[in-house]
Chemist: 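Before I ask anything, let me first share the structure, which is written out below as structure tokens.
Computation of the quantities below employed the complete heavy-atom set of this structure, encompassing side-chain atoms and omitting hydrogens, waters and symmetry-equivalent molecules. What you see is a predicted model, and the numbers here were worked out from it, not measured in a lab. Along the sequence shown, residues carry numbers from 1.
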Amino acid sequence: MKKLFTNNLILMFLILLMSCKNEAKIEETPRTFTIEGTIEGLGSNNLYFRLPNKDYEALGYRMDSLIVTNGTFSLTDSIEGHHFVPFYTSMKELRKGTPEGGWYPAKSGYLNVILYPGASIKVNGKVSDFMDAYPIDSDSINNELGAFHKKIYPFMNESVNYLVKRAYEQDDEIKKVLNKKADSVSEIVKDLKKDFVVNHPSSVPALYYLSDMMMRSQIEDDIAIKAFDNLDNSLVDISFYKDISYRVNAIKNTQEGAVAPTIKTTSTLDGNEFDLTAYKGKYVMIDFWGIWCGPCVSEMPKVKEFSEKYKDRLEILGVNSGDKKQRIIDFVDKNEYNWQQVMDVRDSDVDNFVLRYNVNAFPTKFIIDPEGKIVKKFVGSGEEAFTLLEELLN
């Protein structure tokens, strides 16, 4: 009996020991990544980047810099999930400037990688008039990304160089030629991207580019839906997949005649709940905008004019994307823009209105009829939305 009791104690000890080991393994699951390498010609120009970080509630990310010494750098940090992260520098060789002091942003000017827990990324290459440097890692993710960027970056750089030349050109005919050349090379890049996302259904970089192309309206809806339907099940837990799924559903749910997707939220300026269905019985204009968007701000006096002129038959709903809450409050109070505002929350499953409405340019406006159905979607600034409202309300 004593021997049996002793054996039971030993067995219990072994079970407890194994349990502790399993817990230790769970705790040891890496959340860190490492990126290191040498880029010829980078010198000691630091690389700047931003990482997603929910502790920075106002922005949802933190800005940081990576010290570079004689082109060599190394960084270890923590991250959750998969994120496409550009590392950029202020080197004048990589800035595609205009006479007015602006510049053309181009991915080919950045060191772009996909960061994820456990990634061990090495970079090599050089700086020419673009960032001719590419990542490889212990997984296939950045190997695929680097190989694809090596294929498209020369074309992307060629296209933006034509735009720079056009910006400095005085002759209108030459400008037209340069613009045509830029468009032609951009189409090559677009076709390469389409081929990549369609023919690599189990690739994380292809998944990212499908999401990015949908966001930028660089891919036709039917091709995007087909590519999404063919994606490998191994990708379903990656954030890019979730973004695409929202946009695919939104393509179907925001067609003319469809009932407008639900907007029921406390993501408002006063924290009180707002429900779009409360506006049934009136026409509604949903205005996706941001203070950072010049055309959006330029149109808002016109929006105010219509909200006052047709206050008995028209409601305005502003959906802000990209601005801090207090900045929105200050802006609308100062200009007496008194209609309802809600805030898009990108990482939310409820308040990600930009994805749910498949908005890929600002401003974007939706006209909703008194039954809650979509009459028309308008992308970009212009008089068309206001002209339609005049027709409907008169």
Side-chain angles (χ1 to χ4, degrees), residues 57-61 105 214-217 243 246-247 250 253-254 260-276 278-279 282-311 314-348 350-369 372 374-390 392-393:
E57 293 182 2
L59 297 174
Y61 59 85
M214 292 184 72
M215 186 265 290
R216 299 177 189 279
S217 296
D243 288 355
Y246 280 126
R247 288 197 180 276
N253 296 338
T254 57
T262 301
I263 298 181
K264 186 175 183 179
T265 179
T266 56
S267 183
T268 56
L269 300 184
D270 58 11
N272 293 327
E273 185 177 79
F274 168 78
D275 190 341
L276 180 60
Y279 287 166
K282 292 185 178 182
Y283 282 97
V284 182
M285 180 165 73
I286 304 178
D287 183 22
F288 286 83
W289 71 288
I291 299 172
W292 49 268
C293 165
C296 300
V297 172
S298 296
E299 285 193 339
M300 292 188 81
K302 186 82 170 181
V303 176
K304 180 179 180 181
E305 175 191 330
F306 269 67
S307 71
E308 293 172 349
K309 182 178 179 180
Y310 297 107
K311 60 183 178 181
L314 174 68
E315 296 285 358
I316 308 294
L317 173 63
V319 181
N320 181 278
S321 178
D323 293 308
K324 297 180 184 178
K325 183 176 182 178
Q326 190 57 51
R327 190 181 184 206
I328 304 168
I329 292 172
D330 294 342
F331 178 81
V332 298
D333 286 351
K334 176 183 176 181
N335 293 285
E336 298 182 347
Y337 296 148
N338 298 321
W339 51 90
Q340 179 70 50
Q341 299 287 342
V342 300
M343 295 172 290
D344 175 75
V345 183
R346 177 65 184 271
D347 294 330
S348 169
V350 177
D351 299 331
N352 55 349
F353 308 119
V354 167
L355 290 175
R356 288 181 180 276
Y357 276 74
N358 193 31
V359 172
N360 41 39
F362 290 82
T364 288
K365 294 178 175 62
F366 287 85
I367 308 300
I368 313 298
D369 73 12
I374 295 172
V375 179
K376 195 80 175 176
K377 175 182 179 179
F378 296 92
V379 180
S381 58
E383 292 293 319
E384 293 87 352
F386 301 105
T387 300
L388 176 60
L389 279 177
E390 289 277 15
L392 294 171
L393 295 167

Chemist: Evaluate the side-chain proximity of Asn358 to Ser217: yes if any heavy-atom separation is below 4.5 Å, no if none is.
Modeler: no
Chemist: What is the distance from atom CD1 of Ile367 to atom NZ of Lys377, rounded to the nearest 0.5 Å?
Modeler: 13.0 Å
Chemist: Determine whether more than 12 heavy atoms belonging to other residues, nucleotides or ligands lie under 6.0 Å from atom NZ of Lys376.
Modeler: no
Chemist: Nearest 0.5 Å please: distance from the OG atom of Ser321 over to the CG atom of Asn352.
Modeler: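 Separation between the atoms: 11.0 Å.
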Chemist: Which distance, rounded to the nearest 0.5 Å, do you find between the CG of Leu388 and the CG of Leu393?
Modeler: 8.5 Å
Chemist: Nearest 0.5 Å, what's the CD1-CD1 distance between Ile291 and Ile328?
Modeler: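 Those atoms lie 6.0 Å apart.
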Chemist: Thinking salt bridges, do Glu299 and Lys365 make one under a 4.0 Å N-O criterion?
Modeler: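 Counted as a salt bridge, because a side-chain N and a carboxylate O are separated by less than 4.0 Å.
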Chemist: Side chains of Leu276 and Phe274, heavy atoms from C-beta outward: is any pair under 4.5 Å?
Modeler: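 Yes, their side chains come closer than 4.5 Å.
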Chemist: Using every non-hydrogen atom in the two residues, find where Thr254 and Pro261 come nearest and quote the distance to one decimal.
Modeler: CG2-CG, 4.0 Å
Chemist: Are Phe366 and Val359 close enough that some pair of their side-chain heavy atoms sits under 4.5 Å apart?
Modeler: yes
Chemist: The test is ring-ring contact (aromatic ring centres under 6.0 Å, His included); show your working for Phe353 and Tyr357 and say whether it passes.
Modeler: CA-CA 6 Å; Phe353 308 119; Tyr357 276 74; 7.6 Å; no
Chemist: If every non-hydrogen atom of Gly290 is compared with every non-hydrogen atom of Val297, which pair is closest and at what distance?
Modeler: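 Closest heavy-atom pair between Gly290 and Val297: O-CG2, 4.0 Å.
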Chemist: Could you check if a side-chain atom of Thr364 sits within less than 4.5 angstrom of a side-chain atom of Phe378, using non-hydrogen atoms only?
Modeler: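 A side-chain contact is absent here, since even the closest heavy-atom pair is not under 4.5 Å.
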Chemist: Looking only at heavy atoms, which two atoms of Met285 and Leu314 are closest? And how far apart?
Modeler: N-CD1, 4.0 Å
Chemist: How long is the gap from NZ on Lys302 to NZ on Lys309, to the nearest 0.5 Å?
Modeler: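 Between Lys302 NZ and Lys309 NZ, I get 8.0 Å after rounding to 0.5 Å.
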Chemist: Between Ile368 and Ile374, is the side chain to side chain contact (heavy atoms under 4.5 Å, CB included) condition met? List the steps.
Modeler: CA-CA 5 Å; Ile368 313 298; Ile374 295 172; 3.7 Å; yes
Chemist: Does some side-chain heavy atom of Arg247 sit less than 4.5 Å from a side-chain heavy atom of Val354?
Modeler: yes
Chemist: Return all side-chain donor-acceptor pairs below 3.5 angstrom for residues 262-272, not counting sequence neighbours, or 'none' if the list is empty.
Modeler:
residue: Thr265; atom: OG1; partner: Ser267; partner atom: N; Å: 2.7
residue: Thr265; atom: OG1; partner: Asp351; partner atom: OD1; Å: 2.8
residue: Thr265; atom: OG1; partner: Asp351; partner atom: OD2; Å: 3.4
residue: Ser267; atom: OG; partner: Met343; partner atom: O; Å: 2.9
residue: Thr268; atom: OG1; partner: Asp270; partner atom: OD1; Å: 3.1
residue: Thr268; atom: OG1; partner: Gly271; partner atom: N; Å: 3.0
residue: Thr268; atom: OG1; partner: Asn272; partner atom: N; Å: 3.2
residue: Thr268; atom: OG1; partner: Asn272; partner atom: O; Å: 2.7
residue: Asp270; atom: OD1; partner: Asn272; partner atom: N; Å: 2.9
residue: Asp270; atom: OD2; partner: Asn272; partner atom: ND2; Å: 3.2

Chemist: Do Trp289 and Met300 have side chains that get closer than 4.5 Å, going by heavy atoms?
Modeler: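 A side-chain contact under 4.5 Å exists here.
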Chemist: Going by heavy atoms in the side chains, are Tyr310 and Leu389 under 4.5 Å from each other?
Modeler: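 They are not in side-chain contact.
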Chemist: Flag yes if more than 12 heavy atoms outside Glu273 fall under 6.0 Å of its CD atom; otherwise flag no.
Modeler: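 Enclosed.
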Chemist: Might you point out which heavy atoms bring Val350 and Ser348 nearest each other, and give the distance in Å?
Modeler: N-OG, 2.9 Å
Chemist: Grab the two heavy atoms, one from Lys304 and one from Asn335, that are nearest each other, plus how far apart they are.
Modeler: NZ-O, 3.4 Å
Chemist: Test side chain to side chain contact (heavy atoms under 4.5 Å, CB included) on Tyr283 and Asp369 and set out the steps.
Modeler: CA-CA 5 Å; Tyr283 282 97; Asp369 73 12; 3.9 Å; yes
Chemist: Are Glu305 and Phe386 close enough, and set up right, to give a side chain to side chain contact (heavy atoms under 4.5 Å, CB included), and what steps lead you there?
Modeler: CA-CA 10 Å; Glu305 175 191 330; Phe386 301 105; over 6 Å; no
Chemist: Taking the inter-plane angle between the rings of Tyr337 and Phe331 on a 0 to 90° scale, is it parallel (under 30°), tilted (30 to 60°) or perpendicular (over 60°)?
Modeler: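 The rings of Tyr337 and Phe331 sit tilted, inter-plane angle from 30° to 60°.
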Chemist: Does the side chain of Glu390 reach to within under 4.5 Å of the side chain of Glu383, using non-hydrogen atoms?
Modeler: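 No - every pair of side-chain heavy atoms lies 4.5 Å or more apart.
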Chemist: Shortest non-hydrogen contact from Asp287 to Pro363?
Modeler: OD1-CB, 4.1 Å
